[in-house]
Every structure is written in C-alpha cells, then in structure tokens.
Number of protein chains: 2
Amino acid sequence: MTAKRSSTRKKRPETVQEPRAEPPLSRERIVTAAVELLDAEGVGGLTMRRLADHIGAGVMSLYWHVDNKEDVLALALDCVLDYRRPPDMAGPSDWRDEVLHLLEDWRAVMLRHPWSASLLPRQVLGRNALARLERLSMTLSKAGVAEADLNAAIWSFWNYVMGATITRSSFDLSAKDRADAQQRLAQPGGQHPAIERSGLLQEDDWDGVFRKGLGFLLDGLSLQGQTTA
Amino acid sequence: MTAKRSSTRKKRPETVQEPRAEPPLSRERIVTAAVELLDAEGVGGLTMRRLADHIGAGVMSLYWHVDNKEDVLALALDCVLDYRRPPDMAGPSDWRDEVLHLLEDWRAVMLRHPWSASLLPRQVLGRNALARLERLSMTLSKAGVAEADLNAAIWSFWNYVMGATITRSSFDLSAKDRADAQQRLAQPGGQHPAIERSGLLQEDDWDGVFRKGLGFLLDGLSLQGQTTA
DNA sequence: ACCTGAACACCGTTCAAGT
DNA sequence: ACCTGAACACCGTTCAAGT
C-alpha cells in the first residue's frame, strides 16, 4: 500500500500540498479516528459524517470498509479493550492479587475511554473482552474455585466491574450538582436521613470504594467450598 | 378538565368519533405514554415525534410540559422505579434476607422495563432511586455494618445490581448467537479453553447466578468488622 | 396558559453512478 | 476494488405565532 500511496503523491505536485497527504482509507484508519472522536466528544459525538470529515473522506466511503455505525462502535470498543496477557508471572503469586490487578486494569482502560463501558454489555463477545474473561476464568480455576461456582464468580466480577465503571463514567457530579444534592437531602423533614448521614453522594474516593467492594466479593468467594491458594 | 373535554366532544358529532377523545395533555400523560413506548420499542424507539403521535398531540406541544427529551427519559425512569417502602416488617428479620429482597425487587423492576437499567447510572439522583438507596442504607446500618464500610458496601451492591441488570437486558443472545459463540470458542486451536470448558456463555440461570453473586458480596461484607445480626 | 407549524441543522443509510 | 453525491426518511429543538 505504500506503493499505492506514493503513486498518488506523484499525481499531486508539491504546489498544492494538502494538510497531510492522506493514506488510503482502511478499516484500521477508520477505527483509529473513531476512537479519537469518541474520546474527544463522547458517544453522542460520533457521527458517520463527522467521522468521515475527521478522516478527510466522503461519508459513503466509510461504508465500503465498515458495515454500519454499530460496526464502527464495536470495532472501536474492541480496539480500546486491547489485551495482551501479561507474561505468566514467574513463581506462584497470590490469586487474589492477580484478580485484583486484572480487574483494576480493565476498569482503568475503560475509564480512560469513558464511552466504552456502557457499550461493552452488548458486545460481550468481542475479541478482547473474551480474552479478559478467559484470563479471569483461568485465574479463578487455578485458585481452586469449585466448578459449580466458577461461572457465577466470573459473572459476579463482571457485573461488579461493569456497574462500577459505567456508573463512574456516566455519573460525574459537578461541584454544583453535589451541592444541590446535598441540599435536597438536608431539607427539613428530609426523607433520606441515612444516606445524608453517611454522605453517600459526597463520596469521592472511587478507587478506594472499588477496591473495597472487590475485597468483599473476593472474601465471599473464598468462603465458598474448598478455595485453597 | 372534564368540562373542556366534553366541550370538545360537542364540536365533533358522533359521526366522526375519534378513537378516543383525548384528555388534555399533561406531564403525567406524557410520562405514561413514554413508558409504554419505551417498553414496546426500546430506547431507540422513543422519539419526541412518535411520542406526540402516540398521544395524539403535536410534537411541539410536549415542550410546554417537559424540558426536552432527556427530561422525558428521566421522568419515565423515575416513574418505573416507583418504590413504596414495604411496611416495616413486624419483628426483627434477617438483614441478609432484607437486602436480598430489596435488590431482587430492584432488579426485577428494571428487567420488566429493559431500557431502564442503562439509563439509571446517569440518573442516580432520581426520587425513587434515592428512596431505594436510603432503604438499603438503613438496612445495612441497622445490621451493624461499620460506619467506615457503609458507603463502600452500598456502592458495591449498586454496582453489582446495575452491572447484572444492564448486562442481562442488553446482552440477550438468540439461540443462533449462542451457537455461533460456542462454535467460535470451540475452533481448533481455540484460545479460550477455560470459558469454553465452563460454558460461561451458555449460562442461562441468570436468576441463580445473580443470587449467588449477591451471596458472595453479603458473605464478604459479613466478615468485615463487627457485623452482628 | 397552552398549543401549533414552519424551519433549521442535523442524522444513518440506499442507490445508482463513477473510476 | 474502491470511492462519491444526491436523495430519502428520519431526528431534536428554536421561534414566532396563534388561541
């Protein structure tokens, strides 16, 4: 394709010199641009037209390389979820640490692309999502989680991570929103004494909360059957 | 408003007789219609125009009663999440059962309106969402969950329920999809031996899985600090 | 106070056509 | 094999106007 590109170059003498001589359209280039757009503008900002503009192509050219918008979203999601299984740790490591690391990485990746988490639940079968699930499954069964508990355990971690990440990335209160919420709760005759007292909506150590809840899940799982490390 | 309606009637002799003489437009009527439409067509099927048609009003009439589409969605969500705190159980009941019941009800409500769960994470502050969180908070602190663990516990349950429900309602595989998935996993040199072996994607006892994972969470929480029932 | 139509600035995608 | 423009059937919302 380098050949093709340079032949295109020859046609355009240097005098014109477009902003950048665009490499030919390709699935890969489309996905890259889609991720950029999604990162910059969120899911509502991705439009086939804007995507084409961003690339410097006609809208309909995209459809040669891609089925439709849904396809673009699926590709972008999978791209972002890229997972290279870490080199198998030398020596036996704590399975809890392994799960923790795996899920914190997963969450971190999705928070870096805040549009991604909400898309994942209907795209469970993506290449990299499956790879991550596979890894989790391996870790848990090597840890001795009973066969009968395995699927429930995996889906529990999944649910927890998705819920946490989707919530975190779609519910970020501005300072003003927080003030409003707090005020509404503290109204005379407030109907929410408990969550007002604990400051549930004022919580801001999301990393800590995430880790703590994961701890509950791991502890509960450890109690089940013969989970031997 | 009955007056207004009957006066309208007079203008139209029985010969025409519209399907139903429409009661006047109101926020309430709009929300009801929105929920119907959402239940029938999903989130992609709700359109201001279709909503107006469904009600028998002009599109722009809606905007007198409602700020915008986002507002409609928020109202519909809160409507569906309706929560009447159950009459305080006579006698002390198991706090685990109470949490279980609370969260299973929450999940069931959202599954009955499959569009709702995905909307909730950015609408945490809705009336009924807060009421349910309040209830959960009360139950947990009465159960003796330490002050320091309370918020983490509440958010953990939230995350778990949201993750489970969103996944369940956006990822329902047809029989064909399942077959495809299974086949892809089972390909020669398959890269997913673990999740193939456990049949992770063939799981279909979602209620059971949900309850089991909730059990892990509850068990883990019970281990923490002095949780006395 | 409540409703309306026309208009604006967008969408995703089909289709028939170009090279 | 790859790209394109025109066109279709939609969107949400503003605005100026009606009653």
Side-chain angles (χ1 to χ4, degrees), chain A residues 1-12 18 20-31 33-34 37-38 40-77 115 119 122, chain B residues 1-12 18 20-31 33-34 37-38 40-77 115 119 122:
Chain A
M1 45 177 155
T2 318
K4 195 171 185 183
R5 185 183 152 192
S6 63
S7 82
T8 307
R9 266 266 186 74
K10 266 189 181 160
K11 270 194 195 166
R12 289 189 197 283
E18 299 196 313
R20 227 185 317 149
E22 306 288 358
L25 213 45
S26 73
R27 215 174 158 80
E28 200 192 27
R29 241 163 72 70
I30 292 175
V31 174
L37 215 55
L38 285 163
E41 318 262 8
V43 91
L46 183 75
T47 275
M48 294 305 272
R49 293 173 206 257
R50 277 202 251 182
L51 180 54
D53 273 5
H54 193 52
I55 293 179
V59 203
M60 293 319 298
S61 310
L62 302 179
Y63 285 83
W64 179 261
H65 304 271
V66 134
D67 285 352
N68 47 35
K69 187 179 178 180
E70 198 192 332
D71 195 20
V72 175
L73 286 172
L75 290 168
L77 178 59
W115 46 274
L119 258 39
R122 60 178 127 182
Chain B
M1 43 177 153
T2 317
K4 194 173 187 181
R5 185 181 152 191
S6 62
S7 82
T8 306
R9 266 265 187 73
K10 265 188 182 162
K11 270 194 196 167
R12 291 188 197 283
E18 299 196 315
R20 225 184 321 150
E22 306 288 359
L25 211 46
S26 73
R27 214 174 160 80
E28 200 193 27
R29 240 162 73 70
I30 293 175
V31 174
L37 216 54
L38 285 164
E41 319 262 9
V43 92
L46 183 75
T47 275
M48 294 306 272
R49 292 172 207 256
R50 278 203 250 181
L51 181 53
D53 272 7
H54 193 53
I55 294 178
V59 203
M60 294 318 298
S61 310
L62 302 179
Y63 285 84
W64 178 262
H65 304 270
V66 133
D67 283 351
N68 48 34
K69 186 179 179 181
E70 199 193 331
D71 195 20
V72 174
L73 286 172
L75 291 168
L77 179 59
W115 47 273
L119 258 39
R122 60 178 126 180

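For the side-chain contact (heavy atoms from CB on, under 4.5 Å) test, no residue two or more places apart in sequence or in another chain qualifies with Asp53(A). With sequence neighbours left out, Ala33(B) forms a side-chain contact (heavy atoms from CB on, under 4.5 Å) with Leu51(B), His54(B), Ile55(B).
dC3(C) and dC15(D) have their C1' atoms separated by 14 Å, given to the nearest Å. Rounded to the nearest Å, the gap between the C1' atom of dA16(C) and that of dC2(D) is 15 Å.
Near DNA chain C, defined here as any heavy-atom distance below 4.0 Å, there are no residues from residues 44-52 of chain B.
In this structure, CZ of Arg29(A) is placed 14 Å from P of dC2(D), rounded to the nearest angstrom. A straight line from CH2 of Trp64(A) to P of dT13(C) spans 17 Å, rounded to a whole angstrom. Nucleotide dC3(D) holds its P atom 11 Å from the CD1 atom of Ile55(A), rounded to whole Å. Spacing between atom CG of Leu25(B) and atom P of dC2(C) amounts to 10 Å, rounded to whole angstrom units. Atoms CG (Leu62(B)) and P (dC3(C)) sit 10 Å apart, rounded to a whole Å.
The closest side-chain heavy-atom distance from His65(A) to Val31(A) is not below 4.5 Å. Considering only heavy atoms from C-beta on, Glu41(B) comes within 4.5 Å of Arg50(B) through its side chain.
Atoms CZ and CG, on Arg49(B) and Leu62(B) in that order, are 11.0 Å from each other to the nearest 0.5 Å. Between the CD atom in Glu28(B) and the CG atom in Leu75(B) there is a gap of 11.5 Å [rounded to 0.5 Å]. Distance check: Leu37(A) CG to Trp115(A) CH2 gives 10.5 Å after rounding to the nearest 0.5 Å.
Between Leu73(B) and Val43(B), the shortest heavy-atom distance links the atoms CD2-CG2, 4.4 Å. Heavy-atom minimum distance, Ala76(A) versus Ala34(A): CB-CB, 4.4 Å. For the residue pair Lys69(A) and Leu46(A), the shortest heavy atom distance occurs at NZ-O, 3.0 Å. Nearest heavy atom pair, residue Val66(A) against residue Val72(A), reads CG1-CG2, 3.5 Å.
Note on His65(A): a side-chain N or O is less than 4.0 Å away from OP1 or OP2 of dC3(D).
Side-chain atoms of Ala57(B) lie closest to dT4(C) of the nucleotides dG12(C), dC3(C), dT4(C).
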Under 4.0 Å protein heavy-atom contacts per nucleotide of nucleotides 14-19 of chain C, with B for base, S for backbone only and - for none = BB----
Base-pairing string, 5' to 3', of DNA chain D - Watson-Crick or wobble, under 3.5 Å, | interstrand | ||.|||||...|||||.||
